[in-house]
Protein chains: 2
Amino acid sequence: MPRAGLTRDRVAQEAAVMADEVGLGRLTLAGLAERLGVRQPSLYKHIDSIASLRRDISVQAKRELGEVLARAAVGRSGADAISAMSHAYRDWAGRHPARYEASNLMPAPGDVEDETVSATAIQVITDVLTAYRLEGDDAIDAIRAFRSTLHGFVVYEAAGAFALSADVDRSFDRLVAGFIVALGQWNETVPPVR
Amino acid sequence: MPRAGLTRDRVAQEAAVMADEVGLGRLTLAGLAERLGVRQPSLYKHIDSIASLRRDISVQAKRELGEVLARAAVGRSGADAISAMSHAYRDWAGRHPARYEASNLMPAPGDVEDETVSATAIQVITDVLTAYRLEGDDAIDAIRAFRSTLHGFVVYEAAGAFALSADVDRSFDRLVAGFIVALGQWNETVPPVR
DNA sequence: GGTTAAAGCTATTGACAATAGCCGAAAGGG
DNA sequence: CCCTTTCGGCTATTGTCAATAGCTTTAACC
């Protein structure tokens, strides 16, 4: 029996491909092993557990998404950068549903690599919002709002929750435009103390 | 062996409670049966499958959420109603994480009860946005944006993704305030044709 | 070429959903 | 009030998972 030449990266890579095809929740070691031409227990020479495999997919996905966002924002600023980044985000999530889902898994406390790559991806967003001269908590609020807005839309779209006939592309354009409008008045939107 | 007096509703009710405690993905029939004082196979006298149980939780959750939203909006209109509904939404989701997750499951095609209760919950949102005199696709875009905004925030908050020190309540207030600002200029935010 | 670590394998376990088939409890009609 | 019938429990079992134990073979290095 010749060796299959697997590595931890190779296994995670194929796992991501399989997950995007069948869904992250339907990723099984038996199925993955078959794709890799190997028996199921053999995978444990390369992974610690299926949880650790999902973590590897997550780290890889965060890295990819961060790069996609950075590439979309390069050479642009302000509303232009936000719009470009938003569309790159939605596009990537749509083409890689399971990777996208995995990219939203929180790092385990103490997992430095995962924490680093997560922070790096978020930093791209932070940098783009900097053009609006937001600082401190104002900036944090804006980043949280931006991420929430994109995430909610992408999740609902992936779930097929936008069933009506209205054009989903147009809805997304308006969502982004609306967020940019809100951002332009961000300092005037501080709600009354409650 | 005296009868436990179970019904399909009673099982779904307890399942929702258990799911909120341990997570929807960790809901098991063994655990549920133990809570109900019954052996695991006995549950099949009341449910068809664990998928159908999740569907029952989903229907129940959609009904509850719809009622919560309707109650929050009653006697209010415009920005006031949107704000009240938003806070009721986040509050309910925070107190019932698994029910909330279940409430976002899509109805199976042809499941009339599920489709009805889903539509009813969304209708509450539609009614509130009506105050902004949005019609047709404009209204659909606004509803999609509103749902996306709330959902994204609630999901990230539940996942613990807002780890920084900044006050999450304040971030949510500003998110809602920002959406209301965007809504006020909704007709001016039609993006250029791309 | 011999040693050894790594990478594959079979066999097995334990958790889980699900099915089959039995048996006692409760409900209703004569 | 008993007899029948239905229905809600039960035990036993299966198939699919992830995961572990322990063996064998490959290939890398001296």
Side-chain angles (χ1 to χ4, degrees), chain A residues 1-61 98-99 101-102 105-106 108 111 114, chain B residues 1-61 98-99 101-102 105-106 108 111 114:
Chain A
M1 50 204 75
R3 296 208 172 172
L6 299 183
T7 63
R8 179 168 158 185
D9 271 359
R10 175 86 185 77
V11 171
Q13 181 65 41
E14 185 63 30
V17 173
M18 176 178 173
D20 277 334
E21 288 175 14
V22 306
L24 191 60
R26 289 202 184 84
L27 173 66
T28 64
L29 295 184
L32 179 57
E34 191 175 358
R35 281 168 163 260
L36 292 168
V38 126
R39 300 290 183 160
Q40 178 251 336
S42 305
L43 294 177
Y44 282 88
K45 296 295 176 178
H46 306 284
I47 65 171
D48 289 337
S49 66
I50 198 171
S52 79
L53 177 61
R54 277 190 286 258
R55 178 266 179 203
D56 288 348
I57 297 174
S58 174
V59 168
Q60 179 197 301
R99 282 166 158 90
E101 190 180 341
L105 296 175
M106 293 291 294
D111 184 340
D114 197 348
Chain B
M1 50 205 73
R3 296 208 174 174
L6 298 183
T7 63
R8 181 169 157 182
D9 271 0
R10 175 86 185 75
V11 170
Q13 182 64 43
E14 185 64 29
V17 173
M18 176 178 173
D20 277 335
E21 288 175 14
V22 306
L24 191 60
R26 289 200 184 84
L27 173 67
T28 65
L29 296 183
L32 180 58
E34 191 175 358
R35 280 168 165 261
L36 293 168
V38 125
R39 301 289 185 160
Q40 177 251 336
S42 306
L43 294 177
Y44 283 87
K45 296 295 177 179
H46 306 284
I47 66 172
D48 290 336
S49 65
I50 198 172
S52 80
L53 177 60
R54 278 189 286 258
R55 177 267 180 203
D56 288 348
I57 296 173
S58 174
V59 169
Q60 179 196 301
R99 281 166 160 89
E101 190 180 340
L105 297 174
M106 293 292 293
D111 183 340
D114 198 347

How long is the line joining [atom1] of [X] and [atom2] of [N], in whole Å?
X       : N      : atom1 : atom2 : value
A:Arg39 : D:dC17 : CZ    : C1'   : 17 Å
A:Arg26 : D:dA18 : CZ    : P     : 14 Å
B:His46 : D:dC7  : NE2   : C1'   : 9 Å
A:Arg10 : C:dA6  : CZ    : C1'   : 18 Å

Compare every heavy atom of [Y] with every heavy atom of [X], then report the nearest pair and how far apart it is.
X       : Y       : value
A:Ala30 : A:Gln40 : N-CG, 4.0 Å
B:Ala61 : B:Arg99 : CB-O, 3.3 Å
B:Ala12 : B:Asp56 : CB-CB, 3.9 Å
B:Leu6  : B:Arg10 : CD2-CG, 4.2 Å
B:Ala15 : B:Leu27 : O-CD1, 3.9 Å

*Within less than 4.0 Å of OP1 or OP2 of D:dG8, is there a side-chain N or O belonging to B:Ser42?*
no
*Terminal axes of the helix from C:dG1-D:dC30 to C:dG30-D:dC1 (five pairs each): angle between them, nearest 10 degrees*: 0°
*Mind jotting down which residue pairs meet the salt bridge (Lys or Arg N to Asp or Glu O under 4.0 Å) criterion with at least one end in residues 36-51 of chain B? Sequence neighbours excluded, please.*
none
*asked:* Does this structure show an ion pair linking B:Arg26 with B:Glu21, if we count only N-O contacts that are shorter than 4.0 Å?
replied: no
Protein-nucleotides 16-23 of chain C N/O pairs under 3.5 Å:
from, atom 1, to, atom 2, distance (Å)
C:dA17, OP1, B:Leu29, N, 3.2
C:dA17, OP2, B:Leu29, N, 3.0
C:dA18, OP2, B:Tyr44, OH, 2.8
C:dA18, OP2, B:Ile50, N, 2.8
C:dA18, O5', B:Tyr44, OH, 3.1
C:dA18, N7, B:Gln40, NE2, 2.9
C:dA18, N6, B:Gln40, OE1, 3.4

*asked:* Let's go through A:Arg54 and A:Glu101 carefully: what are the C-alpha distance in whole Å and the side-chain angles of both, what is the deciding distance for salt bridge (Lys or Arg N to Asp or Glu O under 4.0 Å) to 0.1 Å, and is it a yes or a no?
replied: CA-CA 10 Å; A:Arg54 277 190 286 258; A:Glu101 190 180 341; over 6 Å; no
